[in-house]
Every structure is written in C-alpha cells, then in structure tokens.
Amino acid sequence: MKESFTYKITGNADNTALALLAHESAKYSCNIYATKPSSSPKDAKSIMSLITVCFKQGDTVEFIFDGSDADVAAKNIKTALGDSIGL
C-alpha cells in the first residue's frame with residue numbers, strides 16, 4: 001500500500017526535530033521517504049539522510065509511505081509533525 005502527503009515546515013527544522021522525525025518513522029515497518037522539490041527522496045528513518053536535505057522553515061516536504069502499515073504511519077506522522085515533533 002502507498003500513501004503520501006505534503007507538509008509545510010512552520011517550526012525550526014533543527015537536528016533535534018529531525019531526530020524526533022527519524023525516531024517516529026522507525027516505529028513503522030513500511031518504507032518512509034521525505035523529499036522537497038530540489039532533492040531526491042531520503043530515508044525518513046535515518047537522521048543522517050534527513051540532515052542532508054537541509055530542511056528549513058517554509059519548505060514544503062513530501063512524505064511517501066510504501067508498505068503494509070503505510071496508512072497508519074502516514075496518519076500518525078502527520079499528526080506528530082505538528083504536535084510532538086514541532087516541525
């Protein structure tokens with residue numbers, strides 16, 4: 001199953017927020033990728049991959065989920081981005 005959504009970063013996309021995103025993404029068995037228009041998709045479960053994208057406030061990020069729990073992962077990560085992660 002595949003899912004995706006776009007998200008506009010309104011908070012500070014520092015290493016702490018990216019680490020929280022990687023930690024949240026690691027809870028799911030599906031593949032999760034994050035990308036912005038100027039970059040290739042990066043593994044959202046890897047803090048090092050996320051750092052290489054250089055996310056900043058105002059960027060629009062596309063999240064792509066591919067696997068058996070993609071629907072649950074997409075729903076929960078979308079909620080966490082604005083709540084506990086603070087992006």
Side-chain angles (χ1 to χ4, degrees):
M1 171 179 270
K2 276 195 164 191
E3 296 283 333
S4 68
F5 67 85
T6 56
Y7 182 83
K8 185 168 183 167
I9 296 175
T10 58
N12 187 6
D14 60 11
N15 290 347
T16 301
L18 296 178
L20 289 170
L21 173 58
H23 179 75
E24 181 67 25
S25 297
K27 295 177 181 178
Y28 306 96
S29 63
C30 64
N31 294 316
I32 304 173
Y33 303 98
T35 186
K36 60 183 189 176
S38 61
S39 70
S40 60
K42 302 295 183 188
D43 181 0
K45 296 179 182 182
S46 166
I47 180 65
M48 296 309 290
S49 290
L50 292 172
I51 288 172
T52 64
V53 182
C54 299
F55 293 116
K56 61 185 182 298
Q57 191 173 19
D59 283 346
T60 299
V61 180
E62 180 179 15
F63 288 90
I64 303 161
F65 305 81
D66 187 13
S68 61
D69 59 351
D71 54 342
V72 173
K75 177 182 173 251
N76 291 342
I77 288 177
K78 190 172 193 176
T79 299
L81 283 167
D83 292 346
S84 59
I85 295 173
L87 282 176

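What you are looking at is a predicted structure, and each value in this text was computed from that prediction instead of being measured. For this chain, numbers begin at 1 and follow the sequence in order.
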Any non-hydrogen side-chain atom of N15 less than 4.5 Å from a side-chain atom of I51?
yes
Where do C30 and A70 come nearest, in terms of heavy atoms and distance?
SG-CA, 3.9 Å
Can you confirm whether N31 sits close enough to I64 that some side-chain heavy atom of one is under 4.5 Å from a side-chain heavy atom of the other?
no
Spacing of CG belonging to D14 relative to NZ belonging to K56, to within rounding of 0.5 Å:
15.0 Å
Where L50 and A44 come nearest, the two heavy atoms and their spacing
CD1-O, 3.6 Å
Closest contact, heavy atoms only, D69 versus S29
OD2-N, 3.0 Å
Please report the closest heavy-atom contact between S25 and K45, naming both atoms and the distance.
O-CE, 3.3 Å
Which value, rounded to the nearest 0.5 Å, describes the distance between E24 atom CD and D83 atom CG?
10.5 Å
Establish whether V72 and I85 are linked, either directly or via other cluster members, by ILVMFWY side-chain heavy-atom contacts under 4.5 Å.
yes
Can you name the closest pair of heavy atoms from Q57 and T10 and give their distance?
NE2-O, 2.6 Å
Check the orientation of F5 and F65. Use parallel for under 30°, tilted for 30 to 60°, and perpendicular for over 60°.
parallel
Check whether any side-chain heavy atom of L81 lies under 4.5 Å from a side-chain heavy atom of F63, and answer yes or no.
yes
With heavy-atom distances below 4.5 Å as the criterion, would you say the side chains of Y28 and N76 are in contact?
yes
Of all heavy-atom pairs linking K36 and T60, the shortest is CB-O, 3.6 Å
Report the residue from T35, V53, I32 that forms a side chain to side chain contact (heavy atoms under 4.5 Å, CB included) with K42.
V53
CD1 of I47 to CG of L18, rounded to nearest 0.5 Å, is 5.0 Å
Hey, any chance Y33 and M48 share a hydrophobic cluster, counting ILVMFWY side chains that come within less than 4.5 Å of each other, even indirectly?
no
